[in-house]
Amino acid sequence: MSGLKLHNTLSRTKESFVPLVPNHVRLYVCGPTVYDRAHIGNARPVIVFDVLVRLLRGLYPRVTYVRNITDVDDKINAKAKASGRPIGDITEETTKLFHEDMKALGALPPDIEPRATAHIPQMIGMIESLIGQGHAYEAEGHVLFAVPSMPDYGKLSGRSRDEMIAGARVEVAPYKKDPADFVLWKPSSPDQPGWESPWGRGRPGWHIECSAMSREYLGESFDIHGGGQDLIFPHHENEIAQSECCNHAPFARFWLHNGFLKVEGEKMSKSIGNILSVHELLGEAPGEAIRFAVLSAHYRQPLDWTDEGLKAAKVGLDRLYRALEAAPDARPAPEAPLSVRAALMDDLNTPLAISHLHELAGLLNKATDTDDKNRLAGALLASGALMGLLGANPLQWKTGAGEAGADKGDQEIQALIQQRQEAKKAKNFKEADRIRDELKAQGVLLEDSPAGTSWRRA
RNA sequence: GGCGCGGUGGCGGAGUGGUUACGCAGCGGUCUGCAAAACCGCGUACGCCGGUUCAAUUCCGGCCCGUGCCUCCA
């Protein structure tokens with residue numbers, strides 16, 4: 001009993017988390033479809049579940065974190081057709097860029113990152129089993145899951161089959177026996193990627209890959225399945241249907257879903273043209289500030305992504321790092337303070353945890369004794385680490401060292417600071433202030449102290 | 001039409017049946033050549049209307065507004 005509580009979409013309530021196998025937590029998170037660079041909406045689940053995994057690793061001796069790569073999909077096919085590039089090139093490059101972007105956001109890689117195209121035989125095996133058990137049928141080269149064959153279909157999204165049919169937007173393909181049936185396997189034309197199967201050359205439907213790969217690496221029943229809120233229906237609902245009908249075992253026990261984000265008050269969409277890529281944002285702010293901004297709202301709440309919010313995140317981190325400057329030799333404490341752990345264990349309340357970070361920074365700023373400073377800084381560092389924050393060197397943080405293009409000009413800044421020191425020594429304050437204003441106009445802020453003058457970037 | 005989520009001080013954003021969230025911004029002060037940073041002080045917020053209660057922002061009901069999903073969008 002760890003005290004961890006998580007909101008389970010299945011029950012729509014917060015539940016105490018206990019792993020199925022003591023001391024081994026198994027979780028699966030839906031990863032990206034690799035057809036385009038990750039946008040900030042893709043980054044939210046990666047960051048949120050990264051915090052969850054960090055927390056779980058501190059609570060349990062063993063954690064297996066699986067996050068898939070979807071590298072067979074009609075959006076990929078469309079992109080290949082439009083660009084004339086081979087599919088393998090597109091998926092490989094996009095995967096590489098995804099890894100780079102997520103690393104820049106401080107997200108640790110998952111333990112296992114299976115690719116859909118490497119698990120086609122497992123998918124075919126599951127589909128055959130479903131057909132054999134009367135849960136699926138072949139029609140015009142397609143294989144469809146027979147939704148009426150599963151009495152409790154709809155338990156995750158909370159909708160009955162009738163309600164779904166009542167939805168006006170359902171387009172019923174002629175080969176479906178029931179309007180709610182969904183595709184497990186579909187035929188490929190010669191120009192589309194395809195694999196030989198008992199039903200001819202074709203490719204998998206969207207949902208079956210997660211059922212097959214989670215079973216491969218985590219077993220029939222495991223602890224946590226996560227993803228964006230939009231995946232609740234149909235993706236996760238259909239995963240449950242496939243897995244439970246095939247395996248006759250409960251699938252994931254806890255379902256976690258992060259809320260959506262908007263951009264400057266508007267829905268992020270291609271038609272509005274306001275899709276913000278992580279890559280683009282990394283040009284405006286450090287990855288850690290982007291991460292901090294994401295964690296500033298609770299993961300289940302909607303998050304309105306704004307330029308102002310990103311700047312505020314940077315300022316918030318500035319304050320925390322500045323506090324750490326007072327204890328340059330501090331090492332992270334073995335464990336984060338109870339206040340921070342308790343906040344995170346209460347369904348990942350990162351905004352509350354961040355408020356405790358600020359409280360620690362305030363105490364650290366007030367501390368005069370070196371031991372107190374080291375102790376508080378150690379607590380702050382351990383707390384930050386739990387959320388993937390505050391891992392940088394405080395002095396490098398303030399000068400923006402390591403960021404693109406940030407290092408050039410450092411020499412000039414030092415030279416101007418030296419000139420100003422001389423002016424100050426000569427009591428020529430007018431000249432000293434002029435230099436300070438000149439640097440300020442370049443986004444360089446000076447701070448005098450008994451130890452000398454230091455500078456930071458705004 | 002169906003299912004769901006949300007409306008908190010200037011802004012962001014937690015939380016709670018009665019006592020400070022926290023951060024940013026703002027105002028006053030300490031410090032400083034002046035600043036910056038830091039520290040100290042200052043804000044009587046909880047969509048509307050009813051109900052329950054000694055007491056509701058927090059529970060219940062209704063309403064208004066915003067918003068997400070409803071077959072491949074995280």
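All chains are named by letter (A, B, ...) in the order of the sequence lines, taking the proteins before the strands, and each is independently numbered beginning at 1.
Closest of all the heavy-atom pairs between Ala343(A) and His356(A) is CB-CD2, 4.3 Å. Contact detail for Ala104(A) and Leu282(A): the closest heavy-atom pair is CB-CD1, 3.6 Å.
One can place CG of Leu156(A) at 12 Å from C1' of C3(B), the figure rounded to the nearest angstrom. Rounded to an integer number of Å, the gap from NZ of Lys262(A) to P of G68(B) is 7 Å. Distance Lys155(A) NZ to G4(B) C1': 20 Å, rounded to the nearest Å. In this structure, Leu344(A) atom CG and A14(B) atom P are separated by 14 Å, rounded to whole Å. Rounded to whole angstrom, the span from the NZ atom of Lys75(A) across to the C1' atom of C73(B) amounts to 7 Å. Across the protein-nucleic acid pair, Asp73(A) atom CG and C73(B) atom P stand 7 Å apart, rounded to whole Å. Between the CD atom of Glu308(A) and the P atom of C24(B) there is a distance of 14 Å, rounded to whole Å. Rounded to whole Å, atom P of G13(B) lies 7 Å from atom CG of Asp304(A).
As rounded to the nearest Å, U44(B) and A21(B) have C1' atoms that lie 15 Å from one another. Across the C1' atoms, C46(B) and G13(B) are found 13 Å apart, a figure rounded to whole Å. Taking atom P on both G29(B) and C34(B), the two are 14 Å apart, rounded to the nearest angstrom. Here, U52(B) and G23(B) have their P atoms 40 Å apart, quoted to the whole Å. Straight-line distance between the P atoms of G62(B) and G41(B): roughly 45 Å, to the nearest whole Å. With C1' as the reference atom, A55(B) and G17(B) are 8 Å apart, rounded to whole Å. The separation of G18(B) from C5(B), taken at their C1' atoms, amounts to 29 Å, rounded to a whole angstrom. Nucleotides C39(B) and C48(B) place their C1' atoms 42 Å apart, quoted to the nearest Å.
Looking at heavy atoms from C-beta onward, Leu352(A) lies in side-chain contact with Ser355(A) at the 4.5 angstrom threshold. Counting heavy atoms from C-beta on, the side chains of Phe49(A) and Asn258(A) come closer than 4.5 Å.
Aromatic ring orientation, His235(A) versus His207(A): tilted (interplanar angle from 30° to 60°).
Going from atom CD1 of Ile240(A) over to atom SG of Cys210(A) covers 12.0 Å, rounded to the nearest 0.5 Å. Atom OG1 in Thr350(A) sits 11.5 Å away from atom CG in Leu55(A) (nearest 0.5 Å).
Of the candidates G23(B), A74(B), A35(B), G23(B) carries the atom nearest the His358(A) side chain, counting heavy atoms from C-beta on. Side chain of Lys176(A), nearest nucleotide from C72(B), U71(B), A21(B): U71(B). Here G4(B) is the nucleotide among A14(B), G4(B), A74(B) with the atom lying nearest to any side-chain atom of Arg12(A). Of the candidate nucleotides C70(B), C34(B), A14(B), C34(B) has the atom nearest to the side chain of Arg436(A).
Counting non-hydrogen atoms under 4.0 angstrom, Ala297(A) reaches the backbone sugars and phosphates but no base. Using a 4.0 Å heavy-atom criterion, one finds that His235(A) contacts no nucleic acid atom at all.
Applying a 4.0 Å cut-off to non-hydrogen atoms, none of the residues of residues 100-119 of chain A approaches RNA chain B. Applying a 4.0 Å cut-off to non-hydrogen atoms, the residues of residues 418-432 of chain A that approach RNA chain B are Arg420(A), Lys424(A), Phe429(A), listed by residue number. Near RNA chain B, meaning a heavy atom under 4.0 Å from it, residues 30-44 of chain A has His39(A), Gly41(A), Asn42(A) in order of number.
Shown here are the side-chain hydrogen bond (donor to acceptor under 3.5 Å, both in side chains) partners of Ser189(A), two or more places apart in sequence or in another chain: Asp191(A), Gln192(A). Considering only residues two or more places apart in sequence or on other chains, Asn77(A) meets the side-chain hydrogen bond (donor to acceptor under 3.5 Å, both in side chains) condition with Asp74(A). With sequence neighbours left out, Asp50(A) forms a side-chain hydrogen bond (donor to acceptor under 3.5 Å, both in side chains) with Arg54(A), Arg291(A). Arg319(A) pairs by the side-chain hydrogen bond (donor to acceptor under 3.5 Å, both in side chains) definition with His358(A), not counting sequence neighbours.
When base pairs are accepted only as Watson-Crick or G-U wobble with both N-N or N-O distances under 3.5 Å, RNA chain B takes part in stems of 3 or more pairs at B:1-7 with B:64-70, B:10-12 with B:22-24, B:26-30 with B:38-42, B:47-51 with B:59-63.
A side chain to side chain donor-acceptor pair (under 3.5 Å) with Lys14(A) is found for exactly one of Asp346(A), Asp347(A), Asn8(A), namely Asp346(A).
Where Val315(A) and Asn238(A) meet RNA chain B, the nucleotide closest to each residue was compared, and Val315(A) sits on the side nearer the 5' end.
Applying the ring pair (Phe, Tyr, Trp, His ring centres under 6.0 Å) test to every pair with at least one member in residues 285-328 of chain A, sequence neighbours left out, gives these pairs: Tyr321(A)-Trp397(A). Listed by first and then second residue, the side chain to side chain donor-acceptor pair (under 3.5 Å) pairs involving residues 370-383 of chain A amount to none (not counting sequence neighbours).
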As a quick check of understanding, evaluate side-chain hydrogen bond (donor to acceptor under 3.5 Å, both in side chains) for Lys424(A) and Thr453(A), giving each step before the final call. CA-CA 11 Å; Lys424(A) 274 176 68 177; Thr453(A) 299; 4.7 Å; no
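Note: Phe145(A) and Tyr137(A) fail the aromatic proximity criterion, with ring centroids not under 6.0 Å apart.
Residues Asn274(A) and Glu264(A) bring no donor and acceptor atom of their side chains to less than 3.5 Å of each other.
Between Arg434(A) and Glu431(A), at least one side-chain nitrogen of the basic residue sits less than 4.0 Å from a carboxylate oxygen of the acidic one, meeting the salt-bridge criterion. Ion pair Glu325(A)/Arg456(A) not flagged as a salt bridge, since none of the NZ, NE, NH1 or NH2 atoms sits closer than 4.0 Å to an Asp/Glu carboxylate oxygen. The residues Arg115(A) and Asp71(A) are annotated as salt-bridged, a charged nitrogen and a carboxylate oxygen being separated by less than 4.0 angstrom.
A distance cut-off of 5.5 Å between ring centres, combined with a plane angle under 30°, places Phe260(A) in a stacking arrangement with the base of A74(B).
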Listed pairs, N/O of protein and of nucleotides 36-39 of chain B, under 3.5 Å:
| from | atom 1 | to | atom 2 | distance (Å) |
| --- | --- | --- | --- | --- |
| A36(B) | N1 | Asp448(A) | O | 3.3 |
| A37(B) | O3' | Arg322(A) | NE | 3.2 |
| A37(B) | O3' | Arg322(A) | NH2 | 3.3 |
| A38(B) | O3' | Asn365(A) | ND2 | 3.1 |
| C39(B) | OP1 | Asn365(A) | ND2 | 3.2 |

Dump every N/O contact between nucleotides 43-46 of chain B and the protein below 3.5 Å, one line per pair.
none

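Counting atom types as modelled, Asn349(A) pairs no side-chain N or O with a base atom of G15(B) as donor and acceptor under 3.5 Å.
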